[in-house]
Amino acid sequence: NLALFASYMSGLLLGAVWGAGSQLVYLLLAAVGVPVMAGLSGGPAVLFGKTGGYAIGFMLAALLTGALVQLWGRSFWRMCAAMAVGCVGCYALGTVWFMVITGTGVWQSLVWCVLPYLPGDVLKILLAALLAQPWSNNVCRGYVIYAMENCGFSAGDIRRVVAELYEVFDCRGLEEAEAHFLDSPY
């Protein structure tokens with residue numbers, strides 16, 4: 001399922017505290033019976049059952065991801081590393097919980113509850129890092145400056161265009177700008 005993906009995105013976009021808080025809301029919804037867990041299930045029996053530690057680990061994953069991104073920065077690979085640590089935190093909590101509830105050993109618990117999901121987790125981490133790349137108007141301005149320099153525009157022309165970009169970015173929405181591009185002859 002996409003629950004860990006949501007935890008990663010929560011940590012990346014909301015930060016450690018709010019990201020973990022959003023996962024707490026998810027757990028509280030599940031605790032009162034709202035069918036938000038895997039298989040459209042909910043209720044205390046699901047939340048505190050043998051795999052409940054993984055669900056509680058979603059909160060830890062968001063917390064760790066958000067805290068580490070704050071500490072390490074938002075480059076693609078640093079975000080991936082932060083999410084990997086969050087994933088390990090979730091799996092550690094969930095696996096210990098599973099072992100205590102079921103009496104299963106470490107290796108068998110990992111084989112049942114962790115190893116089959118790791119390839120999907122790698123894909124979720126990569127996708128979350130791609131989607132959480134910071135948007136910046138200054139990045140767009142930088143691309144425009146590169147393009148204008150490559151086309152031989154003068155410094156004065158580049159300054160005028162960049163000044164106009166400040167105005168356009170402040171006054172036009174994303175949808176409006178996309179429609180203008182699609183309707184343009186360029």
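It should be emphasised that the depicted structure is a prediction, and the values quoted were computed from it without experimental measurement.
Within the 3.5 Å criterion, the main-chain N or O of Trp72 finds a donor-acceptor partner in the side chain of Arg78. Side-chain atoms of Trp97 come within 3.5 Å of backbone N or O of Gly49 as a donor-acceptor pair.
In the hydrophobic clustering, Tyr186 connects to no other residue, as no ILVMFWY side-chain heavy atoms lie under 4.5 Å from its own. Grouping Ile, Leu, Val, Met, Phe, Trp and Tyr residues whose side-chain heavy atoms lie under 4.5 Å apart, directly or via other members, places Trp77 in a hydrophobic cluster with Phe76, Val122, Leu126, Leu130. Grouping Ile, Leu, Val, Met, Phe, Trp and Tyr by side-chain contacts under 4.5 Å, direct or through others, puts Leu182 with Phe181.
Atom SG of Cys87 and atom CD1 of Ile125 lie 5.0 Å apart (nearest 0.5 Å). Interatomic distance, OG of Ser184 versus NE2 of His180, reported as 6.0 Å (0.5 Å rounding). Taking OG from Ser22 and CE from Met9, the interatomic distance works out to 11.5 Å, rounded to the nearest 0.5 Å. Annotation: the span from Cys80 atom SG to Tyr8 atom OH amounts to 10.5 Å, rounded to 0.5 Å.
For Trp18, the CH2 atom is loosely surrounded, since the number of other residues' heavy atoms within 6.0 Å does not exceed 12.
Note on Val32 and Met37: same hydrophobic cluster, where clusters join Ile, Leu, Val, Met, Phe, Trp and Tyr whose side-chain heavy atoms are under 4.5 Å apart, directly or indirectly. Val17 and Leu28 fall into different hydrophobic clusters, defined by Ile, Leu, Val, Met, Phe, Trp and Tyr side-chain heavy atoms under 4.5 Å apart, directly or through other members. Both Ile56 and Val46 belong to a single network of hydrophobic side chains, linked directly or stepwise wherever heavy atoms of I, L, V, M, F, W or Y lie under 4.5 Å apart. In the hydrophobic cluster analysis, where Ile, Leu, Val, Met, Phe, Trp and Tyr join through side-chain heavy atoms closer than 4.5 angstrom, Leu127 is grouped together with Leu2.
When every heavy atom of Leu13 is checked against every heavy atom of Ala132, the shortest pair comes out as CD2-CB, 4.2 Å. When every heavy atom of Leu64 is checked against every heavy atom of Val85, the shortest pair comes out as CD1-O, 3.8 Å. Contact record, Ala55 with Leu47: CB-CD1, 4.1 Å, taken as the closest heavy-atom pair. In terms of heavy-atom proximity, Met79 sits nearest to Ala129 at CE-O, 3.5 Å. The heavy-atom pair separating Ala82 from Leu68 by the smallest distance is CB-CB, 3.6 Å. Scanning all heavy atoms of the two residues, the minimum distance from Ala61 to Leu4 falls at CB-CD2, 3.9 Å.
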Walk me through it: do Val144 and Val162 pass the test side-chain contact (heavy atoms from CB on, under 4.5 Å)? CA-CA 8 Å; Val144 170; Val162 170; 5.6 Å; no
Step-by-step side-chain contact (heavy atoms from CB on, under 4.5 Å) determination, Phe58 to Leu93: CA-CA 10 Å; Phe58 298 154; Leu93 177 63; over 6 Å; no
Determine, step by step, whether Val25 and Leu29 satisfy the side-chain contact (heavy atoms from CB on, under 4.5 Å) criterion, reporting the C-alpha distance in whole Å, the side-chain angles of both residues, the deciding distance to 0.1 Å, and the verdict. CA-CA 6 Å; Val25 169; Leu29 288 170; 4.3 Å; yes
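Among pairs with a residue in residues 113-128, those fulfilling side chain to side chain donor-acceptor pair (under 3.5 Å) read Tyr91-Asp121, at least two apart in sequence or across chains. Counting only residues at least two apart or on different chains, the side chain to side chain donor-acceptor pair (under 3.5 Å) pairs with a member in residues 43-65 are Tyr54-Thr95. Pairs passing the salt bridge (Lys or Arg N to Asp or Glu O under 4.0 Å) check and including a residue from residues 16-45, sequence neighbours excluded, do not occur. Listed by first then second residue, pairs satisfying side chain to side chain donor-acceptor pair (under 3.5 Å) with a partner in residues 23-48 read Ser7-Gln23, Ser10-Gln23, not counting sequence neighbours.
Residues that satisfy the side-chain contact (heavy atoms from CB on, under 4.5 Å) test with Ala20, not counting sequence neighbours, are Met59, Leu63. Residues satisfying the side-chain contact (heavy atoms from CB on, under 4.5 Å) test with Glu149, not counting sequence neighbours, are Ile145, Tyr146, Ile158. Remark: Glu176 engages Arg172 in a side chain to side chain donor-acceptor pair (under 3.5 Å) (not counting sequence neighbours). Here Val88 pairs with nothing under the side-chain contact (heavy atoms from CB on, under 4.5 Å) rule; sequence neighbours left out.
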Result block: side-chain N/O donor-acceptor pairs under 3.5 angstrom for residues 104-112, not counting sequence neighbours:
unit_1, atom_1, unit_2, atom_2, d
Thr104, OG1, Thr102, OG1, 2.7
Ser109, OG, Gly105, O, 2.8

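Side-chain atoms of Cys90 and Leu60, non-hydrogen and from C-beta on, never get closer than 4.5 Å to each other. Taking 4.5 Å as the limit, some side-chain heavy atom of Met83 sits within range of a side-chain heavy atom of Leu12.
Cation-pi geometry between Arg159 and Phe153 is not met at under 6.0 angstrom from the ring centre and within 45 degrees of the axis.
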